[in-house]
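Structure first, then comments.
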There are 2 protein chains.
Amino acid sequence: MSLRYALLALLNVEPMTGYDLHKVFESSVGHVWYAPDSQIYPELRKMEAQGLVRGEDIPWGKKATKRRYHITPAGSGEFEAWMNSPLEYSRVRDPAHLRAAYLEYAAPESARAQLKAHIEHHETLLRQWNQKILEIDTDTSTMLTRRLATLPADQRQRSRAFKRFAYEGLIARAEAEIAWANSGLRLLDDLPPEA
Amino acid sequence: MSLRYALLALLNVEPMTGYDLHKVFESSVGHVWYAPDSQIYPELRKMEAQGLVRGEDIPWGKKATKRRYHITPAGSGEFEAWMNSPLEYSRVRDPAHLRAAYLEYAAPESARAQLKAHIEHHETLLRQWNQKILEIDTDTSTMLTRRLATLPADQRQRSRAFKRFAYEGLIARAEAEIAWANSGLRLLDDLPPEA
DNA sequence: CACAAATACCTATGGACATAGTTAGTGGGT
DNA sequence: ACCCACTAACTATGTCCATAGGTATTTGTG
């Protein structure tokens, strides 16, 4: 259900085509919410049918057109309503911790490799997110810069602070995952070898 | 895809009916992987068709029977193969951090309420998980006790250590979430009020 | 000008999951 | 004798999402 709101959040900044949105999903928003284009295009049409966005065909080259969507007042309303509604927490479904609980069934070298992969995975995320924080601080993030341009000066700090806040949370989580996996590696070292 | 392996992990300990499994999912495994019974029953039949488990009808009362599934060698093999295969990481999809990134659109009191709800949610989880750790340490977890009974003494420590490890990871994560939400509350306090 | 890469959009299939039911027998209490 | 909670199992619908394609146009590069 969040895809719709992620799209509305982006269209709040400026009108975009499905293709534009899909690209943004691969870079900025994609860090909190991924969506493939095969999901974006139909969702946009559904949202248009419900009056949350309106699309217009704009010329592209000589023969072609592309469809650019902009948010409607109903769409803004829907988005703000969602932003002010309590978050629904879905039940835990966590492959990594499921596996950890049964790590005794894995060969020790395999367990070690998996924990190392866990660390590497989260270190990659960490690098991406730290990069994002840097972009926020130095004003080199395209989407955020555009967003800030639409705001009065006194609200820019606010906007920037929340973006930073979101990424800081992701970073803290990734660091916790890395620390946990490291403690797992230590556990493997300390555990007596299997009989 | 993990549902299948969670089921195999449980059936590795002892044969169970779909109903039993669904109950376990609501207590112990449910903390890492939730599944409704409407998903469990069909999955068991699919697994039986593929030879991973075998079900037998056992009498229950006078007229009724129930179907108890036990794991087959093929099932054990499948489970171990999965345990030794690298974990697949799915792309981030995180409603809480998506919302945090756009918290400027929420009314300040609403934002505050949401952060408090975030803290409460994770504190509830934290309590459950700490309880689980206690059960592991004091041998009062039914599933684990049964599991340990099937193992030679020298492997019990190992089994127990990994269970603990899994829950410690969940706890660390929940604590990180709480710390993050608290920093968000502080941010709201420090931010100048909206114009 | 040819050609590759990028832009733009679309479809189809299948799995996973949420949600909301239904049916029926069992076992214990009153 | 009756009620009710529990046990046991199943079904049906719909959404979300992954995966893997497809088509056509445009734009930049050599």
Side-chain angles (χ1 to χ4, degrees), chain A residues 1-7 10-11 15-27 29-30 32-50 53 55-69 82 87-95 98, chain B residues 1-7 10-11 15-27 29-30 32-50 53 55-69 82 87-95 98:
Chain A
M1 252 293 77
S2 298
L3 170 59
R4 150 162 320 194
Y5 300 103
L7 291 172
L10 293 175
L11 292 177
M16 277 191 264
T17 68
Y19 190 76
D20 292 335
L21 287 162
H22 139 247
K23 270 190 304 177
V24 177
F25 265 85
E26 288 203 331
S27 57
V29 205
V32 273
W33 199 270
Y34 168 78
D37 62 339
S38 66
Q39 220 190 330
I40 292 173
Y41 287 114
E43 184 65 27
L44 282 171
R45 268 176 285 147
K46 232 197 296 179
M47 287 162 75
E48 179 163 28
Q50 289 167 28
V53 298
E56 42 170 358
D57 288 316
I58 64 166
W60 173 52
K62 282 163 193 170
K63 299 190 229 169
T65 63
K66 55 181 176 177
R67 195 155 183 80
R68 187 165 56 188
Y69 293 90
W82 181 72
L87 241 191
E88 288 162 45
Y89 292 90
S90 52
R91 261 166 283 201
V92 189
R93 216 170 248 128
D94 188 328
L98 170 62
Chain B
M1 252 293 80
S2 297
L3 170 59
R4 149 163 318 197
Y5 300 104
L7 292 172
L10 292 175
L11 293 177
M16 278 192 262
T17 67
Y19 190 75
D20 293 335
L21 287 162
H22 138 247
K23 271 190 303 177
V24 178
F25 265 85
E26 288 203 330
S27 55
V29 205
V32 272
W33 199 272
Y34 167 79
D37 63 339
S38 65
Q39 220 190 329
I40 292 174
Y41 288 115
E43 184 65 27
L44 282 171
R45 268 176 285 148
K46 232 197 296 179
M47 287 161 74
E48 180 165 28
Q50 289 168 27
V53 299
E56 44 172 356
D57 287 316
I58 62 167
W60 173 51
K62 282 161 193 171
K63 297 190 231 170
T65 62
K66 54 181 177 178
R67 194 155 185 81
R68 186 165 55 189
Y69 293 90
W82 181 72
L87 242 190
E88 287 162 44
Y89 292 90
S90 52
R91 261 164 283 199
V92 188
R93 217 169 247 128
D94 188 327
L98 170 61

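Numbers restart at 1 for each chain; the letters A, B, ... are given by sequence-line order, proteins then strands.
For B:Q39, the listed nucleotide lying nearest its side chain is C:dC17; candidates were D:dT25, D:dA9, C:dC17. Out of D:dA8, D:dT26, C:dA6, the shortest distance to the side chain of A:Y19 is found at C:dA6. The side chain of B:R91 lies closest to D:dT19, out of D:dT19, D:dA9, D:dT7. Checking D:dC10, C:dA12, C:dC17 against every side-chain atom of A:S38, the shortest atom distance belongs to C:dA12. Among the nucleotides C:dC17, D:dC6, C:dA6, the one closest to any side-chain atom of B:L3 is C:dC17.
For D:dG14, neither phosphate oxygen OP1 nor OP2 lies less than 4.0 angstrom from any side-chain nitrogen or oxygen of A:K46. In this model, the phosphate group of D:dC10 is not approached by any side-chain N or O of B:K66 to a distance below 4.0 Å at OP1 or OP2. For B:R45, a side-chain nitrogen or oxygen approaches OP1 or OP2 of D:dT11 to under 4.0 Å. Proximity of B:R93 to the phosphate of C:dA16: no side-chain N or O atom is located under 4.0 Å from OP1 or OP2.
One interatomic measurement links the two molecules: CG of B:L21 to P of D:dT7, which rounds to 14 Å at whole-angstrom precision. To the nearest angstrom, P of C:dT7 lies 10 Å from NE2 of A:H22. Residue B:I40 contributes atom CD1, which lies 16 Å from atom C1' of D:dT11 at whole-angstrom precision. When the C1' atom of C:dT7 is taken as reference, atom CG of A:D57 falls 16 Å away, rounded to whole Å.
For B:T17 against D:dT7, no side-chain N or O and base N or O form a donor-acceptor pair under 3.5 Å.
Residue-level contact check: A:D20 touches the backbone only, with heavy atoms under 4.0 Å from sugar-phosphate atoms and none from bases. Nucleic acid contact class of A:R4 (heavy atoms, under 4.0 Å, all strands): none. Using a 4.0 Å heavy-atom distance criterion, B:P36 is classed as a base contact.
With salt bridges taken as basic N to acidic carboxylate O contacts below 4.0 Å, none links B:K23 and B:E26.
Each of B:D37 and A:Y69 has a nearest nucleotide on DNA chain C; the 5'-most of these lies closest to A:Y69. The 5' end of DNA chain C is approached more closely, in terms of each residue's nearest nucleotide, by A:R67 than by the other of A:R67 and B:S2.
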task: Could you walk me through whether B:Y19 and B:H22 pass the ring-ring contact (aromatic ring centres under 6.0 Å, His included) test, one step at a time?
output: CA-CA 5 Å; B:Y19 190 75; B:H22 138 247; 5.4 Å; yes
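Between A:L10 atom CG and A:M16 atom CE the span is 5.0 Å, to the nearest 0.5 Å.
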